[in-house]
Amino acid sequence: MREIFGKLLAAAKPVAGLAAIVGMLTPTMGRAESGADLFKSRCVACHTVGGGKLVGPDLKGVADRRSSAWIVKFVQSSQTMIKAGDPEAVAIYNEYNKMPMPDWPLSPAEIESIIEYTKSAAGDGATAAAAAPAPPPKATAEEIALGQKLFVGSVRLANGGPACSSCHDVANDAVISGGVLARELTNAIGRSGHQGVRSILGSIPFPVMQKAFEGKPLTEEEITALVAFLDSENASHKGAMPRDTGIKLAAGGGGGAVFLFLMYSVLWSRRKKGSVNQAIYDRQVASR
Ligand code: HEC
Ligand code: HEC
């Protein structure tokens, strides 16, 4: 039953989901896809083969590091493995700042064919070239401002996609009520890098977010503006980044002090309310 469901999903998903967004990359979608096609439609947003880290690790030589069985399980549901405490899965998850890799309802044979592709493509740099063009020019203040408006929806997305703040929040006072359905994005650039976030927005790999943007892709200019905005958020809130423990501790200390002050005033007001006079008065009222 599960298997049938998985197969159905595997058959329906590329057509309904990713195909809409990265359809142009994969003209042979639907029929038996080669490892290269599968890689370019599902994995290239976050991985290169021989081109270095993107959102996730470079998959060059992954078959030397891990067994096929491990890779198949990880690709089908990395979070299941991580929750079950697989030490290698937990280690790489932590190394990549707890960035969840989406589950892929692919068959073991399909995943094997991707593994074959990572072997054959190793070192040719082709996927790196496709996934990592020249570093972006420095963002202008206008781009950052536009990115913020697009994020909260005060400027509509050209193709009608939903505002990011309906699901995500950032630690910015101007973004009043960001959503909590998905992860906070203040440090998204710190987690995945410019290129990583660009490629996530260019071919959205997360099922829920993908559905929301189905047939409503972001434009190049929107992606540039959103990346500029998230970059400035990341830069102005370094304190929230796990790497900067010093700043984090300082910020935590400050927050802790404020919290304590608040607690004191709360506790103090309780104390006043429960005064001796009040207790005597209550008893007299009750005994009447
Ligand atoms: C949204 C980004 C994203 C997409 C899309 C993605 N991955 Fe990943 N992948 C990651 C991240 C991040 C990690 C690091 C582990 C973690 O954080 O869970 C990872 C880790 C891996 C690993 C473990 C690598 C190692 O060195 O142990 C394999 C194998 C892998 N991915 C294969 C794939 C395959 C195959 C696809 C396409 C079907 C794919 N990934 C699509 C983000 C992604
Ligand atoms: C319908 C809800 C929804 C909307 C709208 C949405 N996202 Fe997402 N997004 C998700 C989900 C779900 C994930 C997967 C990770 C998680 O659970 O947070 C995600 C993941 C991401 C990530 C990777 C998260 C990380 O750990 O760094 C980025 C970057 C991102 N979204 C950016 C955006 C931007 C920019 C917009 C607006 C153009 C947007 N999203 C709109 C639901 C949404």
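Counting starts at 1 for both ligands and their atoms, following the listed order.
Closest to atom 33 (C) of ligand 2 among all protein heavy atoms lies M209 CE, 3.3 Å. From the protein, the heavy atom lying nearest to atom 11 (C) of ligand 1 is G56 CA, 3.6 Å. Looking from atom 13 (C) of ligand 1 to the surrounding protein, the closest heavy atom is P57 CD, 3.5 Å. Atom 41 (C) of ligand 1 has its closest protein heavy atom at W104 NE1, 3.5 Å. Distance from atom 36 (C) of ligand 1 to its nearest protein heavy atom, with residue and atom name: C43 SG, 2.8 Å. Among protein heavy atoms, atom 28 (C) of ligand 1 sits closest to L59 CD2, 3.8 Å.
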- [ ] Dump the intermediate steps for side-chain contact (heavy atoms from CB on, under 4.5 Å) on L38 and W104, then the final yes or no.
- [x] CA-CA 11 Å; L38 288 168; W104 299 98; over 6 Å; no
TODO: Assess whether side-chain contact (heavy atoms from CB on, under 4.5 Å) is satisfied between K73 and T80, documenting all intermediate values.
DONE: CA-CA 9 Å; K73 259 170 81 184; T80 305; over 6 Å; no
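Residue V55 has at least one heavy-atom neighbour below 4.0 Å for each of these atoms of ligand 1: 12 (C). Within the listing of ligand 1, atoms 14 (C), 17 (O) sit less than 4.0 angstrom from a heavy atom of Y96. Those atoms of ligand 2 with a heavy atom of L226 less than 4.0 angstrom away are 38 (C). Near V208, meaning under 4.0 Å from one of its heavy atoms, ligand 2 places the atoms 12 (C). Per-residue contacts place F206 under 4.0 angstrom from the following atoms of ligand 1 (heavy atoms of the residue considered): 1 (C).
The proximity of Y93 to ligand 1, defined as any non-hydrogen pair under 4.0 Å, involves the side chain as well as the backbone. In A45, neither the side chain nor the backbone holds a heavy atom less than 4.0 Å from any atom of ligand 1. Counting heavy atoms under 4.0 Å from ligand 1, residue F74 touches it through the side chain alone. Contacts between P102 and ligand 1, counted as non-hydrogen atom pairs separated by less than 4.0 Å, involve the side chain only. Contact annotation: for L185 versus ligand 2, heavy atoms closer than 4.0 Å belong to the side chain alone. Contact annotation: for F151 versus ligand 2, there are no heavy atoms closer than 4.0 Å. Counting heavy atoms closer than 4.0 Å to ligand 1, residue W70 contributes side-chain atoms (C-beta onward) but none from N, CA, C or O. Under 4.0 angstrom from ligand 1, there are no non-hydrogen atoms of I200. When non-hydrogen atoms are compared, ligand 1 lies under 4.0 Å from the side chain of R65 (C-beta onward) but not from its backbone. Only side-chain heavy atoms of M99 come within less than 4.0 Å of ligand 2; its backbone N, CA, C and O stay farther off.
The closest donor-acceptor contact from the side chain of H194 to the backbone of I189 lies at 3.5 Å or more, if one exists at all. The closest donor-acceptor contact from the side chain of T186 to the backbone of A171 lies under 3.5 Å. At distances below 3.5 Å, not a single donor-acceptor pair connects side-chain atoms of N159 with backbone N or O atoms of K216. In terms of modelled atom types and a separation under 3.5 Å, the side chain of E222 and the main chain of A158 share a donor-acceptor contact. No donor-acceptor distance shorter than 3.5 angstrom exists from the side chain of D169 to the backbone of E184, with no hydrogens or angles considered. Panel note: side chain D86, backbone E88; a donor-acceptor pair is recorded below 3.5 Å. Looking at Q76, its side chain does come within 3.5 Å of a backbone N or O of L106 through a donor-acceptor pair. Distance alone, capped at 3.5 Å, is enough to place a donor-acceptor pair between the S232 side chain and the F229 backbone.
The option from C46, A63, S78 that lies nearest to atom 3 (C) of ligand 1, judged by heavy atoms, is C46. For atom 25 (C) of ligand 2, the nearest non-hydrogen atom from the set K98, R191, Q210 belongs to R191.
Residue M101 counts as close to atom 8 (Fe) of ligand 1, with an N, O or S atom under 2.8 Å. Note on H47: counted as a metal contact of atom 8 (Fe) of ligand 1, an N/O/S atom lying under 2.8 Å. Among the atoms of H168, an N, O or S atom is found under 2.8 Å from atom 8 (Fe) of ligand 2.
For ligand 1, the polar-atom distance check finds no N/O of I92 at less than 3.5 Å from any of the ligand's N/O atoms. The shortest N or O to N or O distance between R183 and ligand 2 is under 3.5 Å. By the 3.5 Å distance cut-off applied to N or O atoms, R66 is counted among the residues near ligand 1.
Contact between A163 and ligand 2 is present, with at least one heavy atom of the residue lying under 4.0 Å from the ligand. At a 4.0 Å cut-off, not a single heavy atom of F39 sits close enough to ligand 1 to count as contact.
To the nearest 0.5 Å, the span separating CG on N172 from CZ on F151 amounts to 9.0 Å. Rounding to the nearest 0.5 angstrom, the gap separating the CD1 atom in I114 from the SG atom in C43 is 4.5 Å. Atom CD1 of I204 and atom CE of M209 lie 4.0 Å apart (nearest 0.5 Å).
Note on Y93: it does not cluster hydrophobically with M81, by side-chain heavy-atom contacts below 4.5 Å among ILVMFWY residues. Taking hydrophobic clusters as Ile, Leu, Val, Met, Phe, Trp and Tyr residues chained together by side-chain heavy-atom distances below 4.5 Å, I111 does not share a cluster with I82.
Salt bridge status for E110 with R42: absent, with no side-chain N to carboxylate O gap under 4.0 Å.
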